**Q** 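Sharing a structure with you now.
Quantities reported herein were computed from a predicted structural model and do not represent experimental measurements. The first residue of the sequence shown is numbered 1, and numbering continues consecutively from there.
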Amino acid sequence: ILDQGLRLLPLAALNDGHQFLIEQYSLGMMPSLSLTDYHYVDLRTTQVVGMGISQSTQGEAPLPAVPVELHTIVGQLWPGQVYLNQQATIDHLQTVLQQGGFRILHLSTHADFNPGDIRNSYIQLWDQKLRLNAIGKLDWHKLPVNLLTLSACRTAFGDPQEELGFGGLAVISGVQTAVGSLWYINDVGTMALMTQFYRSLKTVKIRAQALQAAQVAMLRGQVTIKDGRLYGPGFPQGLDLPPADQDLPDQALSHPYFWAPFVMIGSPW
């Protein structure tokens, strides 16, 4: 539970000269104890709703890795439903919240936090922008949403008024746990982290430990790009990168740029 001004620190990347903090501890941030639903819910047998935008829409650049990310998470790793591009609308989001049966909601799209008027900050869906001031109006209790993953840029970034950004506001509005990012990151790096996170989430009991396992796998060089494919624990045959990313150089995604921005807000359990 961090005081104002400290909540935007990438705690996972703090280093004592020998190890990163994430190698020693699983990490999570709470806005406060009174705003945190800390009752344990085992998510390992639930289903996932995945929504994402891969095509260019309303001036945003395309995100070609989003379909691979969504169909790896929902289908290969978890049961559930995928709403992609034209299906990723606010109406569908509200329908999902109303129908129940899903405890994990994964949004993979553009987002941006702009200081000042909260109406200027948004998560991009197909038909319109889900603005920060509208997040609290969604009835997150209907599912309920135990885990909201905002697989987009700067969704845990804010200003002195909304310091934990979209993720913090979602927790205050009824989401038990949210995962967001502190800075801009390319969609292949996001796909790498997210596939590892959901792979670990399927087996461990504690959500923060699943994020820790994904970040540690990346920092130790176990998640790599080679010959146009993404390799990592659980994917020995690799995942095909989208055609737009096939020419990426071979590399290990071990730099903190790729894994340190992702933070867990709300209940870490």
**Q** Has Q212 got a side-chain atom pairing as donor or acceptor with I22's backbone, closer than 3.5 angstrom?
**A** yes
**Q** Same cluster or not: are L70 and W126 linked, directly or through other Ile, Leu, Val, Met, Phe, Trp or Tyr residues, by side-chain heavy atoms under 4.5 angstrom apart?
**A** no
**Q** Would you find more than 12 non-hydrogen atoms of other residues, nucleotides or ligands less than 6.0 Å from K202 atom NZ?
**A** yes
**Q** Between H39 and Q176, is there a side-chain donor-acceptor contact under 3.5 Å, judged purely by atom types and distance?
**A** no
**Q** Answer yes or no: is there a side-chain heavy-atom contact under 4.5 Å between L147 and V179?
**A** yes
**Q** Tell me, yes or no, whether the heavy-atom count around Y38 atom OH, taken from other residues, nucleotides or ligands under 6.0 Å, exceeds 12.
**A** no
**Q** Can you find a heavy atom in the side chain of Q124 that is under 4.5 Å from one in the side chain of T57?
**A** yes
**Q** Checking side chain to side chain contact (heavy atoms under 4.5 Å, CB included) between Q55 and each of V66, L84, N85, L63, which is the one that passes?
**A** N85
**Q** How close do A252 and G221 get, counting heavy atoms only, and between which atoms?
**A** CB-CA, 4.2 Å
**Q** How close do R199 and P233 get, counting heavy atoms only, and between which atoms?
**A** CD-O, 3.0 Å
**Q** Mark yes or no for whether D240, through its side chain, and R229, through its backbone, hold a donor-acceptor pair below 3.5 Å.
**A** no
**Q** Do the non-hydrogen side-chain atoms of I185 and F262 ever get within less than 4.5 Å of each other?
**A** yes
**Q** Is there a donor-acceptor contact under 3.5 Å from the side chain of H106 to the main chain of V49?
**A** no
**Q** Following the transitive rule for hydrophobic clusters with a side-chain heavy-atom cut-off under 4.5 Å over Ile, Leu, Val, Met, Phe, Trp and Tyr, establish whether L248 and Y231 coincide in one cluster.
**A** no
**Q** Should H92 and L125 be marked as a side chain to side chain contact (heavy atoms under 4.5 Å, CB included) after you check the CA-CA gap, both sets of side-chain angles, and the distance that decides it?
**A** CA-CA 10 Å; H92 272 135; L125 295 176; over 6 Å; no
**Q** Is any side-chain heavy atom of L182 closer than 4.5 Å to a side-chain heavy atom of V263?
**A** yes
**Q** Which heavy atom of S200 sits nearest to which heavy atom of A214, and what is that distance?
**A** OG-N, 4.4 Å
**Q** Check the pair V41 / R103 against side chain to side chain contact (heavy atoms under 4.5 Å, CB included), numbers first and verdict last.
**A** CA-CA 10 Å; V41 177; R103 291 185 173 271; 4.1 Å; yes
**Q** Using the rule given for salt bridge (charged side-chain N to carboxylate O under 4.0 Å, His left out), can you reason through K226 versus D250, listing the C-alpha separation, both sets of side-chain angles and the distance that settles it, and then say yes or no?
**A** CA-CA 5 Å; K226 184 176 181 181; D250 294 354; over 6 Å; no
**Q** Test of understanding: clusters of I, L, V, M, F, W, Y form through side-chain heavy atoms closer than 4.5 Å, transitively. Do L211 and L11 belong to the same one?
**A** yes
**Q** Search all heavy atoms of A88 against all heavy atoms of I53 and return the closest pair with its distance.
**A** CB-CD1, 3.7 Å
**Q** Would you call the rings of F20 and W259 parallel, tilted or perpendicular, where under 30° means parallel and over 60° means perpendicular?
**A** perpendicular
**Q** Mark yes or no for whether W78, through its side chain, and Y198, through its backbone, hold a donor-acceptor pair below 3.5 Å.
**A** yes
**Q** I'd like to check M191 versus L230 (side-chain heavy atoms, cut-off strictly below 4.5 Å). Are they in contact?
**A** yes
**Q** Kindly indicate whether the side chain of P31, heavy atoms from C-beta on, has any atom under 4.5 Å from the side chain of I265.
**A** yes
**Q** Is any side-chain heavy atom of F102 less than 4.5 Å from a side-chain heavy atom of T46?
**A** no
**Q** Yes or no on side chain to side chain contact (heavy atoms under 4.5 Å, CB included) for T149 and F197, after CA distance, side-chain angles and deciding distance?
**A** CA-CA 10 Å; T149 303; F197 170 59; 4.0 Å; yes
**Q** Indicate whether the side chain of H18 and that of D16 have a donor and an acceptor atom separated by less than 3.5 Å.
**A** no
**Q** Please find the pair of heavy atoms, one from M218 and one from G189, that lie closest to each other, and give the distance.
**A** CE-O, 4.2 Å
**Q** Test side chain to side chain contact (heavy atoms under 4.5 Å, CB included) on E69 and S151; report intermediate values, then the result.
**A** CA-CA 10 Å; E69 177 182 317; S151 179; 2.8 Å; yes
**Q** Distance from Q251 atom CD to T224 atom OG1, nearest 0.5 Å?
**A** 9.5 Å
**Q** Would you mind reporting whether Q215 and F258 have side-chain heavy atoms less than 4.5 Å apart?
**A** no
**Q** Kindly give the heavy-atom pair with the smallest separation between R44 and L201, and that separation in Å.
**A** CG-O, 3.6 Å
**Q** At what distance, to the nearest 0.5 angstrom, does CG of L14 lie from CG of L9?
**A** 6.5 Å
